[in-house]
Amino acid sequence: MASKIIYFIRHGESELNARGIRQGPDGPLSLKGREQVRRAAEGLAREPKKIQVLFSSPFQRTRETAEIIAETLYLKIHFCDLLVERRNPSEIVGHSQAEQEVQSIVDRIDKSFHPDHLRFSDEENFVDLKARAKKLLRFIASRRHSRMLMVTHGIFLSMVVSYMLHGKKLTASEYANASYLYKLDNAGVVICSYKSHWFKKDEWKLLMWNGMPQSTAGLGFFQH
């Protein structure tokens, strides 16, 4: 039986986050975002057992987040395309979330119950995102490391945890409901566990959602 602890962290606030702009791959962290990540990195450094490997989405905001964490934890960054954010429809990238057309599109693809195969235009839809989450879990299970950290994005991380808990039975409606109920802050930390078994299904558990650096009180995010 193999056992792993996986730490996920959403990138710190980006300059486009602060302005309410829908993002693609580009866009640096804001000063606030860099401070959020520094606090999170300090919390991760206090974990009782050392994190062994660091994977990151190659997007600019996650790359900068990973660089701050890597410096604190003395880790090398391994970039992984499986960790990138859900691809937005081209129509909304670079546009403000306050625009009526953007709100209408986001409501349709993110904030409403809809068929699993709904596709507005060229975005990564629910089926695409679910398939990528499945690939990431397989990737995690195949690694030799028992403690790993992954720097990723809010929408994709919500999908990863939803798939982790529901498996192939996950529907777009269940995912939309989970995304609405469980918000993830910039630099919020999510901790999960994985156990493989010889004679039964592999076991995934959510141990902590949206842990914040200021709440650790010097005790580590999660007492193992």
Side-chain angles (χ1 to χ4, degrees), residues 7-45 54-73 77 79-112 120-124 129 149-162 175-176 178-191 208-216 221:
Y7 300 82
F8 295 97
I9 182 169
R10 184 187 176 197
H11 60 83
E13 180 193 74
S14 69
E15 292 181 357
L16 294 177
N17 283 151
R19 293 165 53 199
I21 304 296
R22 300 294 292 199
Q23 302 179 89
D26 300 323
L29 296 180
S30 65
L31 291 176
K32 177 181 177 181
R34 299 185 72 83
E35 180 59 28
Q36 289 171 332
V37 176
R38 278 191 286 270
R39 293 200 304 268
E42 290 168 1
L44 290 165
L54 169 59
F55 296 98
S56 175
S57 157
F59 284 11
Q60 185 176 1
R61 55 195 181 275
T62 40
R63 187 173 67 248
E64 292 182 2
T65 297
E67 288 169 353
I68 294 169
I69 294 171
E71 183 177 358
T72 302
L73 301 185
I77 304 170
F79 292 106
C80 177
D81 288 339
L82 288 173
L83 293 169
V84 301
E85 182 58 297
R86 190 272 311 277
R87 184 176 65 251
N88 276 311
S90 298
E91 292 87 346
I92 69 174
V93 174
H95 290 266
S96 170
Q97 296 181 141
E99 295 177 30
Q100 186 173 355
E101 183 178 0
V102 173
Q103 289 181 358
S104 176
I105 294 171
V106 171
D107 285 347
R108 184 177 179 189
I109 66 174
D110 281 346
K111 299 181 180 180
S112 65
F120 175 77
S121 63
D122 59 349
E123 79 277 10
E124 202 173 6
L129 209 59
L149 172 62
M150 298 192 162
V151 183
T152 186
H153 307 259
I155 293 175
F156 181 60
L157 184 48
S158 293
M159 173 58 78
V160 170
V161 173
S162 295
Y175 170 65
S179 298
Y180 175 77
L181 291 174
Y182 300 104
K183 302 299 183 183
L184 184 63
D185 296 313
N186 287 115
V189 175
V190 174
I191 305 177
M208 189 185 75
W209 178 264
N210 201 31
M212 296 303 294
Q214 57 267 33
S215 68
T216 61
F221 283 109

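As the structure is a prediction and not an experimental result, all values here were calculated from the model.
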Min side-chain heavy-atom separation [X]-[Y] under 4.5 Å:
| X | Y | result |
| --- | --- | --- |
| Q23 | F59 | no |
| L83 | T62 | no |
| F156 | R86 | no |
| S96 | V102 | no |
| R38 | T72 | no |
| V190 | V160 | no |
| E67 | L29 | no |
| K111 | Y180 | no |

Which distance, rounded to the nearest 0.5 Å, do you find between the [atom1] of [X] and the [atom2] of [Y]?
| X | Y | atom1 | atom2 | value |
| --- | --- | --- | --- | --- |
| I77 | S56 | CD1 | OG | 6.5 Å |
| S162 | Y182 | OG | OH | 9.5 Å |
| N186 | Q36 | CG | CD | 5.0 Å |
| I155 | R10 | CD1 | CZ | 8.5 Å |
| L184 | H153 | CG | NE2 | 12.0 Å |
| K32 | E15 | NZ | CD | 13.5 Å |

Quick one: closest heavy-atom pair of [X] and [Y], and the distance?
| X | Y | value |
| --- | --- | --- |
| T65 | G12 | OG1-N, 3.2 Å |
| P58 | R63 | O-NH1, 3.0 Å |
| V84 | S57 | CA-OG, 3.6 Å |
| I109 | E123 | CG2-OE2, 4.2 Å |
| S121 | P89 | OG-CB, 3.5 Å |
| S158 | W209 | OG-CH2, 4.0 Å |

Counterpart residues, side chain to side chain donor-acceptor pair (under 3.5 Å), relative to E99 (two or more places apart): H95

Set of residues satisfying ring pair (Phe, Tyr, Trp, His ring centres under 6.0 Å) with respect to F55, sequence neighbours excluded: H78, F139

Over 12 foreign heavy atoms within 6.0 Å of CD, Q103: yes

Backbone N/O of G24 and side chain of N88: donor-acceptor pair under 3.5 Å: no

side-chain contact (heavy atoms from CB on, under 4.5 Å) between E91 and D122, intermediate numbers included: CA-CA 9 Å; E91 292 87 346; D122 59 349; 4.1 Å; yes

Steps toward side-chain contact (heavy atoms from CB on, under 4.5 Å) verdict (L73, L149): CA-CA 11 Å; L73 301 185; L149 172 62; 4.1 Å; yes

Salt-bridge criterion met for R39 and D185 (N-O under 4.0 Å): no

